[in-house]
Amino acid sequence: KKKHRRRPSKKKRRWKPYSKLSWEEKQQFDERQSLRASRLRAEMFAKGQPVAPYNTTQFLMEDHDQEEPDLKTGLYPRRAAAKSDGGSDGMGGDGSEFLQRDFSETYERYHVESLQNMSKQELVKEYLELEKCLSRMEEENNRLRMESKKAGGEAADPARVQALEREVDRLRAENLRLLREQELPRQEK
């Protein structure tokens, strides 16, 4: 006797991979998934079981700390502060300090690699551009100091002056480093 084999219903939709769906189909699919997840969460909550949020990118972004990191901090003062904290392992407190230090170290490594890949002419050009930028910053810093002295120290924003001073210090350190790197090929010859 032959076993009866069921045929699929003609009304049944055929499955299609997510990557092959059109934009509208993807939106409909995502909407169905979120509705299904919210329904399941409601059922779990009604049963008294613990409920986890639906992990969408949007939820993760909302959960993430909204404060943006200050990417304009100088690389060299950060290092001095890290060395003076008494030999911590970098995991104390919250992870923002660790992440910022990691970012600055990665950025510095990338910058050093890019400088090493430059030719001598490119290094000289970079050095001259930094010199121009440094002189502009010093002029602006001096102008702001003069304005603050004329107005009794109330007209100029002290935070702005400090930021400019940090920028000048950073540029001086960058110039020194470029000078050293420029001297290395001369010393090797």
Side-chain angles (χ1 to χ4, degrees), residues 23 27 30 53-189:
W23 178 252
Q27 284 182 323
D30 291 339
Y54 184 57
N55 287 334
T56 62
T57 308
Q58 191 66 37
F59 167 76
L60 295 174
M61 288 171 61
E62 289 170 2
D63 187 47
H64 188 65
D65 187 16
Q66 296 297 324
E67 182 181 324
E68 292 184 15
D70 183 17
L71 300 177
K72 294 183 180 180
T73 58
L75 299 177
Y76 301 100
R78 174 66 73 183
R79 229 186 223 171
K83 288 181 180 177
S84 66
D85 69 352
S88 69
D89 60 352
M91 298 301 285
D94 61 350
S96 64
E97 296 165 3
F98 172 74
L99 289 175
Q100 200 150 28
R101 187 168 42 246
D102 183 49
F103 172 77
S104 61
E105 288 172 0
T106 305
Y107 177 80
E108 191 172 332
R109 250 186 280 122
Y110 172 76
H111 191 66
V112 166
E113 287 175 11
S114 65
L115 288 175
Q116 287 174 345
N117 293 335
M118 286 183 180
S119 67
K120 187 174 181 179
Q121 290 81 15
E122 292 171 332
L123 278 173
V124 170
K125 184 178 177 183
E126 181 78 18
Y127 175 75
L128 292 174
E129 287 176 11
L130 284 172
E131 277 289 327
K132 288 178 188 175
C133 189
L134 176 65
S135 63
R136 273 188 275 127
M137 291 292 179
E138 285 177 340
E139 288 172 7
E140 188 174 352
N141 194 5
N142 290 334
R143 183 182 57 80
L144 286 172
R145 283 185 181 163
M146 293 303 230
E147 284 179 8
S148 67
K149 286 180 183 177
K150 287 179 184 176
E154 296 173 277
D157 183 19
R160 172 100 170 115
V161 172
Q162 288 177 350
L164 288 172
E165 287 175 350
R166 284 194 303 266
E167 183 70 16
V168 166
D169 291 340
R170 186 185 66 77
L171 288 171
R172 279 190 183 130
E174 184 77 18
N175 277 343
L176 287 174
R177 188 167 53 79
L178 282 172
L179 274 174
R180 284 189 216 116
E181 289 184 13
Q182 187 178 3
E183 292 295 323
L184 284 176
R186 290 181 188 169
Q187 291 175 356
E188 291 175 358
K189 289 181 182 177

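- Between Glu181 and Arg177 there is a salt bridge, since at least one side-chain N of the basic residue sits less than 4.0 Å from a carboxylate O of the acidic one.
- We find the CD-SG distance between Glu174 and Cys133 to be 10.5 Å, quoted to the nearest 0.5 Å.
- Applying the salt bridge (Lys or Arg N to Asp or Glu O under 4.0 Å) criterion to Glu138, with sequence neighbours excluded, gives Arg172.
- Taking OG1 of Thr106 as the start and NE2 of His111 as the end, the distance is 14.5 Å to the nearest 0.5 Å.
- Taking Asp102 as the reference, nothing meets the side-chain hydrogen bond (donor to acceptor under 3.5 Å, both in side chains) condition, with sequence neighbours excluded.
- Residues passing the side-chain contact (heavy atoms from CB on, under 4.5 Å) test with Arg143 are Glu140, Glu147, sequence neighbours excluded.
- A distance of 10.5 Å separates OG in Ser104 from CG in Leu99, rounded to the nearest 0.5 Å.
- Note that the CG atom of Leu144 and the CD atom of Gln162 stand 12.5 Å from one another [nearest 0.5 Å].
- Using a 4.5 Å heavy-atom threshold, the side chains of Met137 and Val168 count as touching.
- From Glu139, atom CD reaches atom CG of Asn142 across 8.0 Å, with rounding to the nearest 0.5 Å.
- Judged as a side-chain contact (heavy atoms from CB on, under 4.5 Å), and not counting sequence neighbours, Met146 has no contacts.
- In this structure, the side-chain contact (heavy atoms from CB on, under 4.5 Å) partners of Leu176, at least two apart in sequence or on a different chain, are Arg180.
- Every side-chain hydrogen bond (donor to acceptor under 3.5 Å, both in side chains) that Glu183 has, sequence neighbours left out, goes to Arg186.
- Under the rule for a salt bridge (Lys or Arg N to Asp or Glu O under 4.0 Å), Glu129 has no partner lying at least two apart in sequence or in another chain.
- For Glu165, the side-chain hydrogen bond (donor to acceptor under 3.5 Å, both in side chains) partners are Arg145, not counting sequence neighbours.
- By the side-chain hydrogen bond (donor to acceptor under 3.5 Å, both in side chains) test, Arg136 pairs with no residue at all, sequence neighbours left out.
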message = For Glu167 and Arg170: C-alpha separation, side-chain torsions, deciding distance, then whether side-chain contact (heavy atoms from CB on, under 4.5 Å) applies.
response = CA-CA 5 Å; Glu167 183 70 16; Arg170 186 185 66 77; 2.7 Å; yes

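- In this structure, Leu115 and Met118 have side chains that are in contact, with non-hydrogen atoms separated by less than 4.5 Å.
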